[in-house]
Amino acid sequence: MMLIPCPWCGPRNEIEFHYGGQADVSYPADPHALSDVDWARFLFYRANPKGVLTERWNHQAGCRRWFAVRRDTTTNAIVQDDSPGMVTR
């Protein structure tokens with residue numbers, strides 16, 4: 001079981017959340033100029049590091065808000081971060 005710290009509701013069981021993927025993926029500046037290969041890269045290619053990754057989570061069974069956390073993918077431990085909008089518990 002993994003406890004995810006919702007900034008509004010506090011730590012909750014992972015079954016209350018929906019995973020939203022990698023958090024630092026930016027929408028293309030000019031989407032009409034992208035080739036099919038570039039679109040595929042934007043939509044489907046994501047980092048899969050062994051280590052810390054910034055992720056988006058939605059608290060579906062609680063406040064229904066989206067937030068970002070930094071999680072170590074090898075241990076599932078939530079990493080402390082002082083960045084705005086990040087969970088710091």
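Just so you know, residue 1 is the first one in the sequence shown, and it goes up from there.
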Open item on the list: Through direct or indirect side-chain contacts below 4.5 angstrom among Ile, Leu, Val, Met, Phe, Trp and Tyr, which residues connect to M1?
Closed with: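 Grouped by the 4.5 Å side-chain rule, L3 form the rest of the cluster around M1.
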Task: Side-chain cluster (under 4.5 Å, hydrophobic types only) that I15 belongs to, other residues - done: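 Result for I15 is none, singleton.
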- [ ] List in chain and number order the residues that pass side-chain hydrogen bond (donor to acceptor under 3.5 Å, both in side chains) with E14, two or more places apart in sequence or in another chain; answer none if no residue qualifies.
- [x]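 In terms of side-chain hydrogen bond (donor to acceptor under 3.5 Å, both in side chains), with neighbours along the sequence ignored, E14 is linked to no residue.
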- [ ] Report the residues that fulfil side-chain hydrogen bond (donor to acceptor under 3.5 Å, both in side chains) with T74, sequence neighbours left out, ordered by chain and then residue number.
- [x]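 Expected list: D72.
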Return the [atom1] to [atom2] distance between [X] and [Y], rounded to the nearest 0.5 Å.
X   : Y   : atom1 : atom2 : value
W57 : W66 : CH2   : CH2   : 10.0 Å
I78 : R70 : CD1   : CZ    : 11.0 Å
C6  : E16 : SG    : CD    : 9.0 Å
I4  : R12 : CD1   : CZ    : 12.0 Å

Open item on the list: Test of understanding: clusters of I, L, V, M, F, W, Y form through side-chain heavy atoms closer than 4.5 Å, transitively. Do V25 and L53 belong to the same one?
Closed with: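 Different clusters: V25 never reaches L53 through Ile, Leu, Val, Met, Phe, Trp or Tyr contacts under 4.5 Å.
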Open item on the list: With a 4.5 Å cut-off on side-chain heavy atoms, are H59 and W8 touching?
Closed with: no
Task: Non-hydrogen atoms of P5 and F67 that approach each other most closely - done: O-CE1, 3.8 Å
TODO: Decide if atom CG of D24 counts as having more than 12 heavy atoms of other residues, nucleotides or ligands within a radius under 6.0 Å.
DONE: yes
Open item on the list: Once salt bridge (Lys or Arg N to Asp or Glu O under 4.0 Å) is applied, what residue pairs with a partner in residues 52-62 remain, sequence neighbours excluded?
Closed with: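 Listed once each, the pairs are E55-R71.
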Show me the side-chain donor-acceptor pairs of residues 39-52 shorter than 3.5 Å, one per line, residues at least two apart or across chains.
residue	atom	partner	partner atom	Å
W39	NE1	P31	O	3.3
R46	NH1	F42	O	2.6
R46	NH2	F42	O	2.8

